[in-house]
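Note sheet for the following structure.
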Amino acid sequence: MVYTPGVHKKPYNKSSMIKQIQLEQDSGKSLHDIELKQSLVDLNRAGAPLIEIVFEPDLEDGEEAAALVKELVLIVQRLGVCSGRMEEGALRVDANVSIRREGDPLSTRTEIKNIGSVRGVASAVRYEIDRQQSVLENGGNIINETRMWDAAAKVTVPMRDKEVVQDYRYMPEPNLPPLRVNLTTREDTQDIISVPLISDRIPELPAVSRAKLIENHDLRPEIAIQLVNEPALFDFFNNLMNKKRNPTKVANLLLNDLLTVLNRRKIDVNNCTISVEQLDELTDMVLQKKINLDICRSVLEEIIGNRKSPFAIVDEKGWSLVTDSKEITEQCKRVFDDNPKLVKQYRDGKVKVLRALLGILSKTSDNKLDMSVASKIMEELLRK
RNA sequence: UGGGAGGUCGUCUAACGGUAGGACGGCGGACUCUGGAUCCGCUGGUGGAGGUUCGAGUCCUCCCCUCCCAGCCA
């Protein structure tokens, strides 16, 4: 699923076919420093198992390429294969770029190396597409070459001959015989591995999780993406949805209010100590309009790092939502009496001060009022 | 790239989630007048896209950009 807010209006799905998968041993990572004109080879991972996946040229821009890489990262994380962090070299990407006019065959491709992040994939590919286009428009030719992505300068530069790693020949490894796979049946034979059997055993893939969220809970794709990107929140969500609840509201509670509090405390979501039971009580109160979202965040602050019951806290602190219109009306009148100048401004046509009045109302009543009700009441009172 | 800090009128700087304000500049005017002085008025802004909310500069996600530190010597 491809979605970069600010670039794409809506998420969309895109597929790229796998052309080939190679099992290898890691040879080492090369590090290039352009300013110092030297390249180093990091052999720390030499000999580590490595899978190389080659995709068909199905993707059309840098964002799609980055989305594919992001998806791979999510998959290897979900499967527990590795951290998927590109800067650790746990996952590495080279991008091949070629362009063509509609209907024409693909032009010569270039290969981009030294891409160090998911966003780097998007930037590097975008740059290379633009570069090739401008070369061709100026009557030049694209040569088949390997270029390096310079993340700081945001350009690709040709690798000098010396820099091109020459040891990239495949030495057949006798302990790694060709892997024959069977894509259709659940039957392993001596030489042929059944892919469906493996699919049965591995955790649900991110794409499936998203599809389920969208279909079973009617969530918007943007929300599904966010939930699946944060495993801890995804788990919370699934647990909370064991009761029948409004899925979007539950997701928003997690993605907005929980994250607000965790960010403020600089706590990583995956180290979140709040229990499902606590969230369960809290969610009930929010959805049943027993408390508003301001109070919800206060409760979150209270229960972080302990086992306190949200019910008990709200009870103890008297934080229950006030929805009674008589009481709200009283409070509004009190605010009017205390702020005659603002009221006059409003009646003189400066409607914006309604916000100021609402702010005062909210603050001077301990944030307990149901402000959606209060704003209606106050506006009516002012019009009289 | 990683870690840290940032992004509000042209510039600098405010706004517990509640009327985006001030200063400088610029423009216009006044002061009976060529003043590089003073006063008044006007101008003009929340980096981008989504989202949460009765209400977002402020909260959430992603993106973009800037600055600092680190990457070399091992």
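Just so it is clear: chains get the letters A, B, ... in the order the sequence lines come, proteins before strands, and each one is counted from 1.
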Whole angstrom is fine here: how far is it from [atom1] in [X] over to [atom2] in [N]?
X: Asp257(A); N: U61(B); atom1: CG; atom2: P; value: 12 Å
X: Asp370(A); N: U53(B); atom1: CG; atom2: P; value: 13 Å
X: Leu361(A); N: U19(B); atom1: CG; atom2: C1'; value: 16 Å
X: Leu219(A); N: U52(B); atom1: CG; atom2: P; value: 12 Å
X: Arg85(A); N: U1(B); atom1: CZ; atom2: C1'; value: 11 Å
X: Leu300(A); N: U52(B); atom1: CG; atom2: C1'; value: 14 Å
X: Asn252(A); N: C60(B); atom1: CG; atom2: C1'; value: 9 Å
X: Tyr3(A); N: A49(B); atom1: OH; atom2: C1'; value: 7 Å

Looking only at the side chain of [X] (C-beta and beyond, no hydrogens), which of the listed nucleotides [options] gets closest?
X: Arg220(A); options: U53(B), G51(B), U19(B); answer: G51(B)
X: Thr260(A); options: U61(B), G17(B), C59(B); answer: C59(B)
X: Arg297(A); options: G17(B), C54(B), A49(B); answer: G17(B)
X: Ser375(A); options: C54(B), U19(B), C59(B); answer: C54(B)
X: Ala356(A); options: G18(B), C64(B), U61(B); answer: G18(B)

Is [X] salt-bridged to [Y], going by a charged N under 4.0 Å from an acidic O?
X: Glu71(A); Y: Arg210(A); value: yes
X: Asp58(A); Y: Lys14(A); value: no
X: Glu379(A); Y: Arg383(A); value: yes

- Residue closer to the 5' end of RNA chain B, Thr4(A) versus Ser117(A) (nearest nucleotide):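 Result: Ser117(A).
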- Message: Nearest heavy atom decides the nucleotide; on that basis, is Val373(A) or Val353(A) closer to the 5' end of RNA chain B?
- Response: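 That would be Val353(A).
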For [N], which nucleotide is its Watson-Crick or G-U wobble mate, given both distances must be under 3.5 Å?
N: A23(B); answer: U11(B)
N: G36(B); answer: none
N: C62(B); answer: G48(B)
N: U1(B); answer: A70(B)
N: G55(B); answer: none

- In this structure, are over 12 heavy atoms from other groups packed under 6.0 Å from Lys212(A) atom NZ?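 No, NZ of Lys212(A) has 12 or fewer neighbouring heavy atoms, counting only those of other groups under 6.0 Å.
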- Glu187(A) atom CD, neighbour heavy-atom count above 12 within 6.0 Å: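 No, CD of Glu187(A) has 12 or fewer neighbouring heavy atoms, counting only those of other groups under 6.0 Å.
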For nucleotides [N] and [M], find the distance between their [atom1] atoms and express it as a whole number of Å.
N: C72(B); M: G17(B); atom1: P; value: 42 Å
N: G3(B); M: G26(B); atom1: P; value: 44 Å
N: C68(B); M: G28(B); atom1: C1'; value: 44 Å
N: U46(B); M: U34(B); atom1: C1'; value: 41 Å
N: U58(B); M: G18(B); atom1: P; value: 11 Å
N: C42(B); M: G21(B); atom1: P; value: 12 Å
N: C9(B); M: A14(B); atom1: C1'; value: 13 Å
N: G44(B); M: C24(B); atom1: C1'; value: 13 Å

With heavy atoms under 4.0 Å as the rule, sort [X] into base, sugar-phosphate or nothing.
X: Leu342(A); answer: base
X: Leu293(A); answer: sugar-phosphate
X: Ala151(A); answer: nothing
X: Lys154(A); answer: sugar-phosphate

Check whether any side-chain N or O of [X] sits under 4.0 Å from OP1 or OP2 of [N], and answer yes or no.
X: Lys10(A); N: G50(B); value: no
X: Asn263(A); N: C60(B); value: yes
X: Lys70(A); N: C62(B); value: no
X: Arg119(A); N: U1(B); value: no

- Item | CA sep, side-chain torsions, deciding dist, call: Asn367(A), Ser362(A), side chain to side chain donor-acceptor pair (under 3.5 Å) | CA-CA 5 Å; Asn367(A) 280 329; Ser362(A) 171; 2.8 Å; yes
- Would you call the rings of His217(A) and Phe237(A) parallel, tilted or perpendicular if under 30° counts as parallel and over 60° as perpendicular?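 Rings of His217(A) and Phe237(A): perpendicular, over 60°.
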- Message: Whether the side chain of Gln345(A) and the base of U19(B) hold a donor-acceptor pair under 3.5 Å is what I'd like checked.
- Response: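 Side chain to base: pair present.
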- Evaluation steps, side chain to side chain donor-acceptor pair (under 3.5 Å), between Thr156(A) and Glu128(A): CA-CA 7 Å; Thr156(A) 62; Glu128(A) 186 60 16; 2.8 Å; yes
